[in-house]
Amino acid sequence: MNPESRPDGYTLVVCEKPDAARRVSEALSGGGAEASVADGVTVFRFNADGEDFVVCSAQGHVYAVSDPFEERTVYPIFDVEWYPSDMVEKENANAGRRIAAIRKLSEGARRFVNACDFDFEGETIGFNVLRYACAGREDQALRAKFSTLTKEELVEAFRSAKPNAGQGLARAGRARHLVDFIWGVNLSRFLSQSALGSGHRYRTVSMGRVQGPTLNFVVEKEREIQRFVPTPFWKVTGLFKKDGETVVAAYSKDRLDRRADAARVTSDCSGGEGKVVSVRRSVVQVPPYPPFNIGDLQKEAYSAFGFSPSRTLQIAERLYLGALISYPRTGSQKLPRSLNYRGILQGLAGLSEYSKGVAELLRGELRPVEGIKTDPAHPAIHPTGERPRRPLDASESKVYDIVVRRFLSVFAPPAKREMVTVAIRVGEHEFRLGGGRTVFPGWTTLYGRYRGLKDADVPQMNEGDRLKVVEARNEEQFESRPSRYNQSSLLEKMERERIGTKATRAEVISTLVARGYVAGAGLAPTELGLSVVETMKRFAPSIITVELTREIEERLEGVENGSGEDRDLVRETVRSMTKQLAGLSTNEESVGREIDAALMATVAASYVLGDCPVCKTGKLRLIRSKKTGKRFVGCSNYSSGCRASAPLPQRGAIKAAAKPCQHCSWPVVYVLGGGHPWRLCVNPACPSKGVKRNEV
DNA sequence: GCAAGGTC
């Protein structure tokens, strides 16, 4: 049973993060909360309507599921329990201290309120803190449910807070952790152990509910590319003469499937005369793009700067910690009215590059364009209006600028474009040309450098004008081969398939790269990646399909609304895992042999820097000298006589560039670590070297 | 040296 609470005690409010704790305290206290920090936990104290409040936050999960064994070679494991995170995750070493601080606060409490984000994870965080750190208060605690951190909503959430009858959401959230652990850890331990065959050092071969389908997207794309047979089609263009100017118009059907049809159009039109049959002009309004959520920001930073999604997230987090932008891990495209638009803009006006644009915005009414997507916990990413307290580095400046400009642009008026479409008839055939011109720049003055509107002028023409056909030509083209995913488009695919969360998708992609499952800028599966997918297809097919996620989602919803049992879900996970592991174990030798071979081949390939320009047939590879321990570049044909070699810097990670050196054809590498990546042709005798800058 | 999920 629950221990007695102190009748003279305070109300302890548990939030998910300090930011929320502060907003809750401000909302309930009307601004009179007193903040202090103890053991890494920020605590707010105040009195409201005669009630003493103490508001603290867990700062994410402080409990994690794990198995009781310290040994990672043990499997299968189904005996999974919750532990303080610091006991099982070294990145969470501070969790124990935070738990202790909250436990201490709970001892003086009379009443408890769970005020974590109102979703599976938030519910789980609050439940675990109340159960394990507050001596079993999860059932008696009140649940404050809110989806934005505005004062009105917070006040109402606390006014209507009730105990969590049935704990459906928490049971579902906790079951999700168990299920993911049982799937992921058992498969990963099996794969890693099975690949130890040839006696090399341990290498993690992992698999999980999100990793599986994501890797499979890459593999399926590769198969699609391999299967692709380009079909030809024909494109017809007409060149007309108008007042001495050549006008190019496209045939009304933009592709013809047969050569003969295309040839007939060109012969019909050659030497003929065209007549302008319609000229349509219209003015369209182009509204600004909606405010950034993390996915949109990652996409935009990829296309504008070439930043990978995880790099963008890291940079955005640094800007957030510097109080320059709002919390970046948001799905929202909304800027609630409660934000002080004017205050933020006035802050930005102090930065010279924005002052002119801001001044203009401040003259009008401030009503942002918003998108459809929302997020229970956070608004869209926006600048805070604070000035940087330290100089930003180049990449931080870029991300900051794009966030600021996007924010400014949503308050700006739509751009106006004059669009023209002209139709020209030649006998029975019709050609069209169109163009557009920005007549009022609107938001593009602020954001146009990232998403411009291109002008394409159309010569002045009127209905009834007659134009001589200079030439009608047809051109054979081929459907283009599907392209591989890059980090940005793979992330988009995950988002579309509802795999992972906004906070973890980029991380999962990095994990696949780190594991050696995919490589290259155009993400291609490695031999290891292919082999792992193949193995899963045979023995644990559900782990690489999105259907597992769909099914778990559905069943979690059942648990949440009381129509299903969390125990049944976990029990069936164990049953299904047992069956699939049995299949794997029976074939451990052959599976292990194959994964091991693929792993070795992939590791070897990852050392290849490029083709050998000396013997032309070998590959230049990264090699570590047994004698000196130093690394250098050497040719794979060394044993058959090629002595091509080159020294390398001994510090920093080496990454091969996509193209060899244009001066000498030796590989170019990036040396990473420290400050900026250092681009280096490995050939010490490269003609580009030894040339002073002022001689170039 | 394992998953996926939160927050910093």
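Chain naming here is simple, since letters A, B, ... match the order of the sequence lines and numbering starts at 1 in each. Heavy-atom basis, side chains included; hydrogens, waters and symmetry copies ignored.
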Give the nucleotide from the list [options] with an atom nearest to the side chain of [X].
X         : options                : answer
Val210(A) : dA3(B), dG5(B), dC8(B) : dG5(B)
Tyr202(A) : dC8(B), dG1(B), dG5(B) : dG1(B)
Arg515(A) : dG5(B), dC8(B), dC2(B) : dC2(B)

Let me know the distance between [atom1] of [X] and [atom2] of [N], rounded to the nearest Å.
X         : N      : atom1 : atom2 : value
Met494(A) : dA4(B) : CE    : C1'   : 11 Å
Trp183(A) : dA4(B) : CH2   : P     : 13 Å
Arg189(A) : dC2(B) : CZ    : P     : 10 Å
Tyr517(A) : dC2(B) : OH    : P     : 11 Å
Ile102(A) : dG6(B) : CD1   : P     : 18 Å

The single option from Leu490(A), Leu491(A), Thr214(A) passing side-chain contact (heavy atoms from CB on, under 4.5 Å) against Tyr485(A): Leu490(A)
Non-neighbouring partners of Glu534(A) that pass side-chain hydrogen bond (donor to acceptor under 3.5 Å, both in side chains), sequence neighbours left out: none
Residue mapping more 5' on DNA chain B - nearest nucleotide basis, Val185(A) or Arg98(A): Val185(A)
Check: Glu121(A) side chain, dA4(B) base, donor-acceptor under 3.5 Å: no
Any Ser192(A) side-chain N or O less than 4.0 Å from OP1/OP2 of dG1(B): no
Ser576(A) (side chain) donor-acceptor with Glu572(A) (main chain) under 3.5 angstrom: no
